[in-house]
Amino acid sequence: MDDQILKQTPLHALHLSLGARMVPFAGYAMPVQYPAGVLKEHLHTRAAAGLFDVSHMGQVIVRAKTGTYEDAALALESLVPVDILGLKPGRQRYGFFTGENGGILDDLMITNRGDHLFVVVNASCKEADIAHMRARLAGCDVTLLEDRALLALQGPRAEAVLAALWPDVTDMKFMDVRDALLHDAPCIVSRSGYSGEDGFEISVPADQAEQIAKALLEDPHCMPIGLGARDSLRLEAGLCLYGNDIDTTTSPVEAGLEWAIQKARRPGGARAGGYPGAARIEEDLEKGPVRRRVGLKPEGKAPVRAHAGLFAEDSPESPIGEITSGTFGPSTEGPVAMGYVPASLAEPGTRVFAEVRGKYLPLVVTALPFITPTYKR
């Protein structure tokens, strides 16, 4: 893919000025790393603060034609197995669109903004998600915000970095969402992110994104971070990457995401079912899934990459699944991976094998996450 046809985020010029190595990702030219390199960027985010450009993701407003939050929430509940009606104003919740077979069409963040919903979807699924919502939510207006950028500020010093521009940030807890003026720009700040660290996602006007990013980067504790470190950070935190660890074939329960299905939407709950694939997902909830996403730690030093086959024994006769994500974990100081195994082999401590270039390397099933998250609850 050539740069001419790749979309650019509002921070493209800034990335180039900072020496980023750009790569194609979900149709965009995105920074994979800066001169410091993936390892240093990863460790800096865990120790201080990292700034990520996630403007390629879709920011969407869902507003009921009646103008009430309740109608928008109930409409969106017809597409996700998540309690949106019970979400308090200024709070955010993780969710997923499900298909008729109970698989995951995309995972997303959903915020109660008082009289409407603010939804953030993955870049690779953005167009399909918008079409899906417009086709199924006849009573709502679904608007993709084309004039916004999205920054993620992550790490133990993220609060202090953002507080220099907006002191009220110190009052926010994990999954709170607030309006904020940063350099007089109207922003939406959520205390969330995808690194396992405390941090924020900041929706900013596209034409002021570079000014705000530069202001955050003026703090000596804050460093620009590319997609390479974003991937190793989220994997250590046991978080799924759509298209790798979850897709249209995996149910939320197989993926270990049943914590995101609240009581009101489960069998026997006040608003059970009513979303695509409910029969399969409810069966998985009640009987347990056939397979499970698990953490995997290779016993050697070599990382085991995505799509490596998993086996019960160190021979080709016993296939059980495959690695969905794998890399070297800079914070764990060793290789880490995730994959799917039969439920009978999903107990931590179970030994399985991955086939790498004709050799069968031992791995141990490990509880997720690999690091201790530092969210401010």
Side-chain angles (χ1 to χ4, degrees), residues 81 94 96 98 101-104 107 194 196 231-247 249-263 266-267 277 280-356 359-375:
Y94 174 80
F96 22 78
T98 51
N101 66 342
I104 299 172
D107 62 337
Y194 226 60
D231 193 53
S232 54
L233 288 160
R234 69 92 198 160
L235 177 50
E236 286 184 345
L239 300 169
C240 295
L241 176 64
Y242 190 81
N244 286 45
D245 310 294
I246 48 176
D247 58 30
T249 68
T250 44
S251 92
V253 187
E254 289 179 330
L257 300 174
E258 63 270 28
W259 56 267
I261 305 175
Q262 290 76 23
K263 193 177 170 186
R266 290 180 178 231
R280 176 189 174 190
I281 292 168
E282 290 183 347
E283 186 177 356
D284 278 1
L285 283 168
E286 291 181 319
K287 296 183 182 168
V290 174
R291 58 180 190 151
R292 270 281 191 188
R293 176 175 65 98
V294 295
L296 294 160
K297 271 204 165 169
E299 288 183 2
K301 285 286 180 200
V304 180
R305 304 291 181 187
H307 308 302
L310 287 170
F311 297 82
E313 308 289 338
D314 56 352
S315 70
E317 286 79 51
S318 58
I320 54 170
E322 73 166 26
I323 298 280
T324 55
S325 285
T327 191
F328 177 80
S331 308
T332 59
E333 299 182 342
V336 289
M338 295 194 294
Y340 285 83
V341 299
S344 59
L345 297 176
E347 275 301 305
T350 307
R351 204 164 189 240
V352 296
F353 296 85
E355 190 268 318
V356 179
K359 292 187 175 156
Y360 292 83
L361 307 180
L363 307 94
V364 177
V365 174
T366 310
L368 292 168
F370 297 103
I371 50 110
T372 304
T374 61
Y375 310 127

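Residues: numbered from 1 along the sequence shown.
Of all the heavy atoms in Pro303 and Pro335, the pair that sits closest is CA-CB, 3.6 Å. A pairwise comparison of heavy atoms in Ala337 and Ile323 identifies CB-CD1, 4.0 Å as the closest pair. Closest heavy-atom contact between Gly238 and Pro369: N-CB, 4.0 Å. Nearest approach of Leu235 to Phe370, heavy atoms of both residues: O-CD1, 3.5 Å. Minimum heavy-atom separation, Gly196 to Ala237: CA-CB, 3.6 Å. Closest approach of Ala354 to Leu363, counting heavy atoms only: N-CD1, 3.2 Å.
Scored by the side-chain hydrogen bond (donor to acceptor under 3.5 Å, both in side chains) test, Ser318 finds no partners at all (sequence neighbours excluded). Listed by chain and residue number, Asp231, Asp245, Ser325 satisfy the side-chain hydrogen bond (donor to acceptor under 3.5 Å, both in side chains) test with Arg234 (two or more places apart in sequence, or in another chain). Take Asp314 and apply the side-chain hydrogen bond (donor to acceptor under 3.5 Å, both in side chains) test, not counting sequence neighbours, and it matches no residue. Partners of Val365 by side chain to side chain contact (heavy atoms under 4.5 Å, CB included), not counting sequence neighbours, listed by chain and number: Val294, Leu296, Thr350. Ser315 meets the side-chain hydrogen bond (donor to acceptor under 3.5 Å, both in side chains) test with Glu317; sequence neighbours excluded. Residues satisfying the ring-ring contact (aromatic ring centres under 6.0 Å, His included) test with Phe96, not counting sequence neighbours, are Tyr94. In this view, Thr374 and Glu197, Asp198 satisfy the side chain to side chain contact (heavy atoms under 4.5 Å, CB included) rule, not counting sequence neighbours.
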Could you go through Arg305 and Thr327, starting from their C-alpha distance and side-chain angles, then the distance that decides it, and tell me whether this counts as side chain to side chain contact (heavy atoms under 4.5 Å, CB included)?
CA-CA 6 Å; Arg305 304 291 181 187; Thr327 191; 3.5 Å; yes
Which is it for Asp247 and Ile104 under the side chain to side chain contact (heavy atoms under 4.5 Å, CB included) test, yes or no, and what are the steps along the way?
CA-CA 5 Å; Asp247 58 30; Ile104 299 172; over 6 Å; no
CA sep, side-chain torsions, deciding dist, call: Arg266, Leu285, side chain to side chain contact (heavy atoms under 4.5 Å, CB included):
CA-CA 8 Å; Arg266 290 180 178 231; Leu285 283 168; 3.6 Å; yes
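Applying the ring pair (Phe, Tyr, Trp, His ring centres under 6.0 Å) test to pairs two or more places apart or on separate chains, those with a residue in residues 291-314 are Phe311-Tyr360. Residue pairs meeting the salt bridge (charged side-chain N to carboxylate O under 4.0 Å, His left out) criterion with at least one partner in residues 342-352, sequence neighbours excluded, are Glu299-Arg351. Among residue pairs with one or both ends in residues 285-295, those qualifying as salt bridge (charged side-chain N to carboxylate O under 4.0 Å, His left out) are Glu254-Arg291, Glu258-Arg292, Glu283-Lys287; sequence neighbours excluded. Residue pairs meeting the ring pair (Phe, Tyr, Trp, His ring centres under 6.0 Å) criterion with at least one member in residues 315-350: none, sequence neighbours excluded.
Atom CD of Glu313 is separated from atom CD1 of Ile320 by 9.5 Å, given to the nearest 0.5 angstrom. Distance check: Ile246 CD1 to Cys240 SG gives 4.5 Å after rounding to the nearest 0.5 Å. Atom-to-atom distance recorded for Thr332:OG1 and Glu236:CD is 4.5 Å, nearest 0.5 angstrom. Note that CG of Asn101 and OG1 of Thr249 are 8.0 Å apart. Values are rounded to the nearest 0.5 Å.
Here the side chains of Val290 and Pro342 are not in contact, with every heavy-atom distance at 4.5 Å or above. Using a 4.5 Å heavy-atom threshold, the side chains of Pro298 and Pro362 count as separate.
Ser331 places no side-chain N or O within 3.5 Å of a backbone atom of Gly329 that could act as its donor or acceptor partner.
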